Amino acid sequence: MSRKIVKGAEAMAIAGKLAKPDVVPAFPITPSTTFPEKMSEYVACGELPNTEFVPVESEHSAMSAAIAASATGARTCTATSSQGLALMHEMLFIAAGMRLPIVLFDANRALSAPLNIWGDQQDSISERDAGWIHFYGENAQEGLDLMLMAFRVAEDKRVLLPTMVGIDGFVLTHTSEPVDVPEQKAVDDFLPQYKAEHCYLDPERPTTVGAFAPPEYYMETRYQLDEAVHSSGPVIDEVFADFEKRFGRKYSKIEYYGDRDAEVVFVAIGSLCGTLKDWIDEHRAKGQKVGLVRIIVYRPFPFKELKAALANAKIVAVVDRSISLGYGGPVFSELAAAFVNDAKRPLFKSFIIGLGGRDIKLNDFENIYNAASADLKAGKVNEKMHWVNINKEML
Amino acid sequence: MADLLAPGHRGCAGCPASICVRQVLDAAGPNTICTNATGCLEVMTTPYPETAWKVPWAHSAFENSAAMASGIEAAYKALNRRNGTNKKPNIIAFAGDGGTFDIGLQALSGALERGHRMLFVCYDNEAYMNTGIQRCSSSPIGAWTTTSPEGSCSSGKTQRKKPIAMIAAAHDIPYVATACISYPQDLKAKVKKALSFDGPSFLHVFAPCPTGWRFPSEKTIAMGKLAVETGVFVLYEMTDAEPMKPIVTVKPKEFRPVEEYLQAQGRFAHLFKPKRDEVTLKRIQEDVDRKLKWVGLKP
Ligand SMILES: Cc1ncc(C[n+]2csc(CCOP(=O)(O)OP(=O)(O)O)c2C)c(N)n1
Ligand code: SF4
Ligand SMILES: [Mg+2]
């Protein structure tokens, strides 16, 4: 293991290199561009002697080439962000439907319009229905680790699903952090070569992949795909445990931070949890109880883990860094729906924060906490959705 | 013919797409991997759980046959290095004219520029047939389609056919050719030649479609012949030794009148009935003459 100071996007590229992918088709977009730059550099300098870097002409072609390469039996990864992920949209569903274990690094960024290159999670959360496994890191180290684990999970014969790893644009991708970089040998042991058995294009064994399915077959493929995403959960746990054994860093689908018996509990994804943890520390120092559930694995949705973690909560403040326009916070709506049939369930309150790189400050969490506490006292949630730190004068 | 595309698929009687594939695969042989854009060919040959393909075949979407071929070629390069092998299957991307001239043009251009070792075959039936005969930038002047209908304010498609072979050749790639399913020897020789290059090649195959063009299904081959004999479609090849310089491979002794070709198809019927549309007929004739001049078949 060596310790390096790198920006988050480079940490993701280092993970990409350690995984020794066979094919990397990629197209630049801020703030993920470091990934294709670094991968092409590793190839150019002989650090990845077997890898083909394919400088495609668009993200649509990046995912198309990734699909074809993976269907030929190659370990395949790519990176993108925002508009690039949106341009891949069509192909994301196809990658999952074809059960191809492609790994994608998404630098989480706002979607146009208006054009905005800064961080939020609208891009990948909008792709939650595509049949991909979703991992989200809180810092560069987690990004690197989750990226390595993504290959193991995706390629597991019991899973065979594409997997994306998101870290927040700029706050993580462009901030330098110390990162422990595992030794190549240790990664090779953790992540053996990919040997495709279910799908590879080879004239010695002609197969048809990507046929069209009439109504008497289509629905079963959807059923099986949904099953596959759900049942990847235990494999993810297994891979997290193996990673901890080998590299000493512990991962779980969700992380609980703070007091287990807190009445007010936050739920959030990504880098804002770092700030939130600081606020929780300050708050607890004053003798008040508060908890945080950070979602690391968003698909498969960790129903069981979330229910257990929120068993004592009286009110859950769901802090979404994305928005389903015309409904509200996506994590809020899914989480609330997960409890809808339970006799005993907490109140849920929805907060929208940090869209398009809007700063997220300690004080924002103070306000969220106070609003949630007031609702708890009143015994009902008085506002459907609260936009944190919005400039009302501009509206 | 070894028939690497099985019969019994769901193409219309007289379908040119299957004839095209059989000829291409006959020349390429079994050591071949195919990609296929969404369209008639894909739909008619692979309704799950059936397939007509005896070579490995992959489809994912409409606009990306070339990008798919790029991915396969890259995978073979990487896997050969990783495994110490030297496998070099032919990689052939199939697409209809919509998947080539229109929605697939970006991916095609990208793949040609990157220089992947692959052959891109466009079977050109001059419209989006799979969705019910809509106009394409490949549809010729005057053609009726369901989105270029004839009527009191329209004589069918107004615009000229996009010169796709020239566009491909402008990428400075090793080999570009046109072919027609009615000339199998010529087509197969071009496929063999294309596959001999260690880079990208492009084959534009004229594919008369009885369903979309409105002619009897037993006339598919005759219609292709008529197109070549009237000069509507010219068979030629170009290499990067002299890019954009077409070398004609099939020269009709003399050209038959273009109207013979037009009158044989329902999609041009409105040019003759209820009365002759002289303006459009003149435009079509001029367009044919211009092309014949460019290839050196007319002064
Ligand atoms: C992105 C996208 N847009 C539209 C379609 C609908 N569509 C499927 S095939 C097709 C036309 C295919 O035309 P062409 O490439 O000429 O092939 P043909 O069917 O004529 O053989 C269209 C419009 C699609 N499948 N995907
Ligand atoms: S519409 Fe034309 S191209 Fe499509 S299957 Fe029928 S004959 Fe073949
Ligand atoms: Mg067509």
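Computation of the quantities below employed the complete heavy-atom set of this structure, encompassing side-chain atoms and omitting hydrogens, waters and symmetry-equivalent molecules. Proteins get letters first, then strands, A, B, ... in listed order; numbering begins at 1 in each. Predicted, not measured: the structure shown is a model, and the values here were computed from it.
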key: Region of B/Glu63 in contact with chain A, defined by heavy-atom distances below 4.5 Å   =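 Side chain only.
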Distance-minimising heavy-atom pair for [X] and [Y]:
X        : Y        : answer
A/Pro203 : B/Pro89  : CG-CB, 3.8 Å
A/Glu57  : B/Gly110 : OE1-CA, 3.7 Å
B/Trp57  : A/Thr208 : CE3-CG2, 3.4 Å
A/Val56  : B/Arg114 : CA-NH1, 3.4 Å
A/Ser64  : B/Ala67  : CB-CB, 3.7 Å
A/Thr72  : B/Tyr76  : CG2-CE1, 3.4 Å

If you measure from [atom1] on [X] to [atom2] on [Y], what distance do you get to the nearest 0.5 Å?
X        : Y        : atom1 : atom2 : value
A/Asn50  : B/Leu79  : CG    : CG    : 9.0 Å
B/Thr32  : A/Leu201 : OG1   : CG    : 12.5 Å
A/Ile67  : B/Asn64  : CD1   : CG    : 7.5 Å
A/Tyr200 : B/Ile72  : OH    : CD1   : 15.0 Å

ask   = If you count heavy-atom pairs under 4.5 Å with chain B, which of A/Thr51, A/Asp202, A/Thr76, A/Val23 comes out on top?
value =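 Option with the top pair count is A/Asp202.
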Greatest number of heavy atom pairs closer than 4.5 Å to chain B - which of A/Gly73, A/Pro49, A/Gly210 =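 Heavy-atom pairs under 4.5 Å are most numerous for A/Gly210.
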request  = Would you indicate whether the side-chain heavy atoms of A/Lys20 and B/Arg82 approach each other to under 4.5 Å?
outcome  =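 Sidechains of A/Lys20 and B/Arg82: no contact.
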query = Does any non-hydrogen side-chain atom of A/Pro206 lie less than 4.5 Å from one of B/Trp53?
reply =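 Contact flag for B/Trp53/A/Pro206 side chains = no.
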message = Applying a heavy-atom distance below 4.5 Å, give me the residues of residues 79-91 of chain A that approach chain B, sorted by number.
response =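 The stretch touches chain B at A/Glu90, A/Met91.
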query = A/Ser58 and B/Gln106: side-chain donor and acceptor closer than 3.5 Å?
reply =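 Judged by distance alone, the side chains do pair up.
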Side chain to side chain donor-acceptor pair (under 3.5 Å) contacts in which one or both residues fall within residues 211-220 of chain A, not counting sequence neighbours =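 Every pair satisfying side chain to side chain donor-acceptor pair (under 3.5 Å) with a residue in residues 211-220 of chain A: A/Tyr218-A/Arg222.
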